[in-house]
Every structure is written in structure tokens, then in C-alpha cells.
Amino acid sequence: VQLQASGGGSVQSGGSLRLSCENSGGTLRYHAVAWFRQAPEKEREGVACISSSDGVTYYDDSVKGRFTISEDNVENIVYLQMNDLKSEDTAVYYCATRYGSSCRDGALFNFGMDNWGAGTLVTVSS
């Protein structure tokens with residue numbers, strides 16, 4: 001698994017961005033894929049997760065209803081559509097995978113992840 005996150009940028013509050021996490025090292029089919037973010041001077045936090053093996057998606061309460069995670073199994077890309085962005089969404093966003101895991105209940109956010117991509121910066125101005 002070799003992950004590359006992209007799609008970050010600068011937007012105004014209320015705007016939208018779509019992040020992509022592309023795996024150039026094979027299929028993501030048996031992996032749970034999660035997006036994490038880290039804001040300046042804050043700890044990294046899990047944002048959204050998808051596990052195609054059981055069809056589960058999970059969102060942190062802070063993004064529920066605004067962010068949507070999806071997966072293109074043909075292209076081996078996981079997307080994070082971010083709508084109604086707020087200044088508190090400003091952070092470096094990372095994608096990561098864990099083989100054979102489920103995103104049920106968001107427990108995955110507390111697990112050690114197998115693979116990480118380089119981050120992509122999202123800046124939301126009010």
C-alpha cells in the first residue's frame with residue numbers, strides 16, 4: 001500500500017473541497033481507510049472511515065452531515081467530500097489504512113494504522 005493524499009486548498013467558510021487518497025500499491029478492498037486531521041497545536045483526530053469489507057462508514061460528530069467518505073474500488077481511491085466547511089476544519093488531513101478492520105463504532109481511530117499517506121493542507125477562512 002502506497003498512499004497519496006491530495007485535494008487540499010484554501011476556501012472560505014461554507015465552501016467545499018474533495019480530498020482524494022490514492023493507493024498506488026494495489027487494492028484497498030480488504031482495508032479500512034480512514035481520514036485523520038491535525039490542526040496546529042492539537043492532537044490528531046479521526047474524521048471519517050470506510051471499510052468496504054462490511055460496508056460500514058463512520059464519522060466523527062464534528063463532521064457528521066457535512067463530510068462524506070466514499071471509495072472507488074476500481075481506481076483504488078478513497079474520497080472525502082467536505083461541504084459547509086468551517087474554520088475549525090482547518091488542518092492537515094491524512095489518509096491511512098488498516099488491513100482487515102472494520103470502521104464500526106469508530107474504534108479504528110484508536111488503533112495503530114498500517115499505512116499513512118503524506119498530508120494535504122486544508123485552510124478555511126471565515
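Just so it is clear, the values below take in all heavy atoms, side chains as well, and ignore hydrogens, waters and symmetry mates.
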Kindly determine whether M113 and L108 satisfy side-chain contact (heavy atoms from CB on, under 4.5 Å), including the steps that lead there. CA-CA 8 Å; M113 304 300 284; L108 182 78; 4.0 Å; yes
Working note: L3 + Y94, criterion side-chain contact (heavy atoms from CB on, under 4.5 Å); need CA distance, chi angles, decisive distance, verdict. CA-CA 9 Å; L3 303 175; Y94 301 87; over 6 Å; no
Take S102 and S51 through the side-chain contact (heavy atoms from CB on, under 4.5 Å) test and state the conclusion after the steps. CA-CA 5 Å; S102 172; S51 48; 3.9 Å; yes
Could you walk me through whether T27 and N73 satisfy the side-chain contact (heavy atoms from CB on, under 4.5 Å) test, starting with their C-alpha distance in whole Å, then the side-chain angles of each, then the deciding distance to 0.1 Å, before giving a yes or no? CA-CA 7 Å; T27 183; N73 289 318; 5.8 Å; no
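In this structure, CZ on R18 lies 10.5 Å from CG on L80, to the nearest 0.5 angstrom. To the nearest 0.5 Å, atoms OG (S62) and NZ (K86) are separated by 8.5 Å. If you take OG on S10 and CG on L121, they are separated by 6.5 Å, rounding to the nearest 0.5 Å. Separating the OG1 atom in T123 from the CG atom in L85 is a distance of 10.5 Å, to the nearest 0.5 Å. Distance CD1/I69 to SG/C21: 8.5 Å, rounded to 0.5 Å. Between atom CZ of residue F67 and atom CG of residue L19 there is a gap of 8.0 Å, rounded to the nearest 0.5 Å.
Linking ILVMFWY side-chain heavy atoms closer than 4.5 Å, directly or via other members, places V124 and M82 in a single hydrophobic cluster. Residue V92 is grouped with residue W116 when hydrophobic side chains (ILVMFWY) are merged at heavy-atom distances under 4.5 angstrom, including chains of intermediate members. A continuous path of hydrophobic side-chain contacts links V11 to V63 [ILVMFWY only; heavy atoms under 4.5 Å].
Ring planes of F36 and F109: perpendicular class, angle over 60° (limits at 30 and 60°).
The closest donor-acceptor contact from the side chain of N23 to the backbone of Q2 lies under 3.5 Å.
D61 is linked by a salt bridge (charged side-chain N to carboxylate O under 4.0 Å, His left out) to K64, counting only residues two or more places apart in sequence or in another chain.
For Q38, the CD atom sits in a packed shell: over 12 heavy atoms of surrounding residues, nucleotides or ligands are nearer than 6.0 Å.
The minimum heavy-atom distance between S16 and Q81, with the atom names listed, is CB-NE2, 4.0 Å. Here the closest heavy-atom approach between residue Y59 and residue A48 is recorded as CD2-CB, 3.7 Å. Here the shortest heavy-atom pairing between A32 and C103 reads CB-SG, 4.0 Å.
None of T120, T90, D89, D60 except one satisfies the side chain to side chain donor-acceptor pair (under 3.5 Å) rule with R37; the exception is D89.
Between the side chains of D114 and T97, no donor-acceptor pair is found at a separation under 3.5 Å.
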